[in-house]
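Notes follow once the structure below has been shown.
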Number of protein chains: 4
Amino acid sequence: MTTEHQSRAGRPRSERAEKAIIAATLDLIADGMGVAELSMEAIAARAGVGKTTIYRRWANKEDLVVDALATIRHPLPPLAGESVRDDLVALLDLARREAGQRRARCAMNVALSESDRSKRVSERFYKLALEPRRVAMREVLSRGVANGELRPDLDVDLAMALLTGAMIFFNKWGPEGDLPEDLAERVVDHAMAGFAPRA
Amino acid sequence: MTTEHQSRAGRPRSERAEKAIIAATLDLIADGMGVAELSMEAIAARAGVGKTTIYRRWANKEDLVVDALATIRHPLPPLAGESVRDDLVALLDLARREAGQRRARCAMNVALSESDRSKRVSERFYKLALEPRRVAMREVLSRGVANGELRPDLDVDLAMALLTGAMIFFNKWGPEGDLPEDLAERVVDHAMAGFAPRA
Amino acid sequence: MTTEHQSRAGRPRSERAEKAIIAATLDLIADGMGVAELSMEAIAARAGVGKTTIYRRWANKEDLVVDALATIRHPLPPLAGESVRDDLVALLDLARREAGQRRARCAMNVALSESDRSKRVSERFYKLALEPRRVAMREVLSRGVANGELRPDLDVDLAMALLTGAMIFFNKWGPEGDLPEDLAERVVDHAMAGFAPRA
Amino acid sequence: MTTEHQSRAGRPRSERAEKAIIAATLDLIADGMGVAELSMEAIAARAGVGKTTIYRRWANKEDLVVDALATIRHPLPPLAGESVRDDLVALLDLARREAGQRRARCAMNVALSESDRSKRVSERFYKLALEPRRVAMREVLSRGVANGELRPDLDVDLAMALLTGAMIFFNKWGPEGDLPEDLAERVVDHAMAGFAPRA
DNA sequence: GTATAACCGAGACGGTACGTCCCGTCTTACC
DNA sequence: GGTAAGACGGGACGTACCGTCTCGGTTATAC
């Protein structure tokens with residue numbers, strides 16, 4: 001028998017409250033607020049919750065924001081695994097599509113913005129949102145190197161920086177409005193082919 | 001009496017104060033604050049200036065930050081113009097070196113972070129800091145396309161995104177401490193050669 | 001089966017908890033808190049008891065304080081009954097000695113202080129602590145009037161106010177530290193003799 | 001010329017705000033609140049003032065309350081100076097009349113209540129409200145001793161305690177409603193004559 | 001002997017007020 | 001008229017308690 005009753009003494013914390021807080025936080029962030037403009041009192045009010053209930057779970061605003069952002073699911077796209085090119089396109093196209101969504105976009109901004117001041121925020125976000133994709137991308141590239149689709153001396157980290165960085169750049173300073181649908185394809189093709197003239 | 005000084009009546013604004021304010025702002029940003037955490041009262045105190053003196057010149061914090069960041073010089077490196085590869089390396093290596101400097105790094109962070117919250121900050125930063133380099137880079141690439149160093153169907157914008165994005169990426173999520181000295185070279189070489197196996 | 005115990009079903013209330021709560025309350029009051037500063041959570045913690053256990057017995061802080069103060073014993077001194085003067089001295093000297101005790105002193109303060117805010121506190125205190133002494137004092141004075149020790153037209157209530165009031169006054173605004181040992185005697189002598197010059 | 005300009009740098013504090021704060025405080029106290037129930041936020045709101053403006057002047061609620069109570073004028077009654085008896089009656093009758101007024105009554109309660117916990121409050125109140133009367137009463141009694149109206153060995157402090165204490169007692173535990181109009185006279189007469197039968 | 005019921009401690013709940021910090025504005029005296 | 005100083009009304013911060021509400025568990029009587 002495994003009665004490993006982990007429950008602590010006293011009334012257990014309300015799952016309902018927790019969800020309401022996270023939801024309120026994401027709503028307010030998506031409503032166009034930056035992390036700094038976002039107020040705990042507004043979150044509490046919107047969630048129908050006392051401030052205490054928030055501070056019992058998170059020590060400060062940033063911690064809450066991190067966890068809230070972390071709850072946004074960033075599922076990996078299905079990778080066919082047939083060609084490196086197609087898999088990379090799938091991965092990058094996910095980023096392109098997310099750029100059009102308020103929540104994901106804000107999450108990215110927040111993660112980028114806090115990096116120097118509060119390491120924890122960006123590190124946490126990195127772990128939860130970026131890491132899985134980077135792992136997937138690394139596998140795709142490594143596989144490519146192994147099976148000869150990519151050149152054997154490829155610097156995988158560098159290749160990832162080129163691909164990911166390009167998407168970040170377009171996200172930030174790309175053309176107004178939605179990014180072109182074939183952007184991911186073109187980025188991958190250019191990166192794989194290089195700039196050199198075809199021999 | 002006809003003193004022809006066009007200046008308005010009264011005491012002229014103190015240049016000294018203005019400089020002190022800008023300096024204090026940059027110092028505080030470099031001391032690890034985000035734009036939101038940065039406080040006008042702290043700037044005024046650090047600059048030895050009344051808050052009035054700040055608000056007379058800038059309507060709010062953001063405007064001040066924009067101008068402060070703008071004062072950071074972002075000189076272009078000398079470009080030999082002999083080969084596309086060398087010129088690109090020179091441009092990217094500047095970014096690598098700046099990543100080691102507190103001020104420039106923080107400026108970059110601020111610019112990246114504020115993009116949603118206050119378009120003006122990141123746009124202004126783009127104009128002042130990135131635009132000139134992008135123009136230079138575009139020239140280098142276009143010249144390469146023209147003279148056959150690069151393949152004729154190269155998407156120059158996309159190539160710039162790959163190169164710039166990689167540097168931004170390393171800046172943010174690269175290894176701890178200074179970036180390796182040959183980073184720029186390796187980025188350029190990989191980008192130009194592509195990932196495909198050498199035929 | 002007809003066990004005639006009237007007690008309701010279920011676990012009986014813990015006498016131990018009740019005593020601990022009262023003790024904790026008095027301790028905290030004696031530690032220099034006013035009724036308002038006194039916190040239920042501190043009482044519960046000090047008593048090693050859940051807040052529920054307190055609120056099950058008392059509806060609010062005031063009720064608890066009232067009951068706690070009521071548990072302080074205020075025994076009457078033995079009255080020889082031989083002379084009005086000696087009996088009055090005995091009664092007043094009790095008050096003088098109590099002024100030196102933390103608990104009794106604080107109880108007095110609380111009773112005095114809460115009179116407007118919460119009538120119940122001061123009324124209850126009056127009933128339990130002052131009333132018995134006033135009854136005794138009234139008897140002493142009445143006996144004196146009856147047996148010619150005191151003048152026949154003496155206003156007994158007023159005489160009691162003079163005597164009691166003087167002790168309260170010294171309690172509150174008297175000299176620092178313990179009151180002089182002969183204070184009760186002197187108060188009684190002055191009150192009985194009056195201020196007028198001896199004929 | 002006496003340009004002893006005491007003014008400090010910066011904008012001077014608003015007398016208007018100060019008065020509004022004091023008035024709001026007294027209003028709320030008179031509206032039946034104890035010191036503890038009284039809230040700074042309510043005071044600020046009622047006074048149309050930011051909390052900062054209050055805290056700039058007073059460190060905490062108690063300090064404010066003390067000063068607010070102190071502003072209640074407690075003018076001395078005119079003393080004819082013809083007889084000790086009449087002057088004492090005048091002094092005590094003032095206390096009787098004040099007992100009927102909400103504000104003065106609350107002030108007294110507050111002063112009494114805080115004595116143990118926060119010495120400052122009661123000491124300050126004592127200085128401002130009670131001291132002047134005690135000085136006056138002492139003078140009256142001393143004059144009486146000097147000119148033979150009172151007996152030469154009278155303990156003036158003790159006499160004052162009897163008189164003042166009696167009034168405090170009636171204030172607290174006297175009959176419901178207003179005190180009888182001739183109370184002061186009767187207290188003084190009893191105290192001066194003593195309890196002893198007239199020789 | 002086993003339900004059942006009221007108790008117990010712990011501690012989370014929605015709130016209110018605290019005293020602090022900073023906002024962007026206003027108001028002085030001085031230069 | 002510009003300047004440093006600093007007060008202004010306002011709003012959010014994170015903390016402390018309020019009095020209420022669950023929890024899992026204990027301890028009695030009642031069946």
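Within every chain, numbering begins at 1; the chains are lettered A, B, ... in the order of the sequence lines, protein sequences first and strands thereafter. Just so it is clear, the values below take in all heavy atoms, side chains as well, and ignore hydrogens, waters and symmetry mates.
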Quick one: D:Leu64 CG to E:dA17 P, roughly how many Å, whole number? 16 Å

Axial bend angle, the helix from E:dG1-F:dC31 to E:dC31-F:dG1: five-pair end segments, nearest 10°: 10°

Taking only N and O in the side chain of C:Arg13, is any of them less than 4.0 Å away from OP1 or OP2 of E:dC7? yes

Set of side-chain hydrogen bond (donor to acceptor under 3.5 Å, both in side chains) partners for C:Arg16, sequence neighbours left out: none

Could you tell me the separation between the CZ atom of B:Arg46 and the P atom of F:dA5, rounded to a whole number of Å? 16 Å

Among all residues two or more places apart in sequence or in another chain, which pass the side chain to side chain contact (heavy atoms under 4.5 Å, CB included) test with B:Ala70? B:Arg124, B:Leu128

Expected list for residues 45-56 of chain B: side-chain donor-acceptor pairs under 3.5 angstrom, two or more places apart:
residue : atom : partner : partner atom : Å
B:Arg46 : NH2  : B:Asp31 : OD2          : 3.3
B:Lys51 : NZ   : B:Glu41 : OE2          : 2.6

Atom-pair distance (CZ on B:Arg16; P on F:dG2), nearest Å: 17 Å

Does C:Gly10 or A:Ile54 map to a spot on DNA chain E nearer the 5' end, using the closest nucleotide for each? C:Gly10

When all nucleic acid strands are considered with a 4.0 Å heavy-atom cut-off, which category describes D:Arg57: base, sugar-phosphate, or nothing? sugar-phosphate

When rounded to the nearest 0.5 angstrom, what is the spacing between CD1 in D:Ile29 and CG in D:Leu69? 4.5 Å

Who are the side-chain hydrogen bond (donor to acceptor under 3.5 Å, both in side chains) partners of A:Arg57, not counting sequence neighbours? A:Glu18

It should be established whether B:Ser14 places a side-chain nitrogen or oxygen under 4.0 Å from OP1 or OP2 of nucleotide F:dG2. no

Can you tell me if A:Thr53 touches the phosphate of E:dA12, counting only side-chain N or O atoms and a distance under 4.0 Å to OP1 or OP2? no

Taking CD from B:Glu15 and P from F:dG2, how many angstroms apart are they, rounded to a whole number? 15 Å

How long is the line joining CD1 of C:Ile43 and C1' of F:dC18, in whole Å? 12 Å

Restricting to salt bridge (charged side-chain N to carboxylate O under 4.0 Å, His left out), what partner residues turn up for C:Lys127, sequence neighbours left out? none

Return the CG to CG distance between B:Leu38 and B:Leu64, rounded to the nearest 0.5 Å. 7.5 Å

Side-chain touch D:Ile21/D:Trp58, heavy atoms, less than 4.5 angstrom: yes

Could you list all N or O pairs between the protein and nucleotides 19-21 of chain E that sit under 3.5 Å apart?
residue : atom : partner : partner atom : Å
E:dG19  : OP2  : D:Tyr55 : OH           : 2.3
E:dG19  : O5'  : D:Tyr55 : OH           : 3.2
E:dG19  : N7   : D:Lys51 : NZ           : 3.0
E:dG19  : O6   : D:Lys51 : NZ           : 2.9

So D:Arg56, base contact, sugar-phosphate only, or nothing? Heavy-atom distance under 4.0 Å. base

Find out whether D:Val65 and D:Glu62 are in side-chain contact, i.e. whether some heavy atom of one side chain is under 4.5 Å from a heavy atom of the other. no

Residue met sooner reading DNA chain F from 5', once C:Pro12 and A:Arg11 are mapped to nucleotides: A:Arg11

Could you state the CH2-P distance from C:Trp58 to F:dT20, rounded to the nearest angstrom? 15 Å

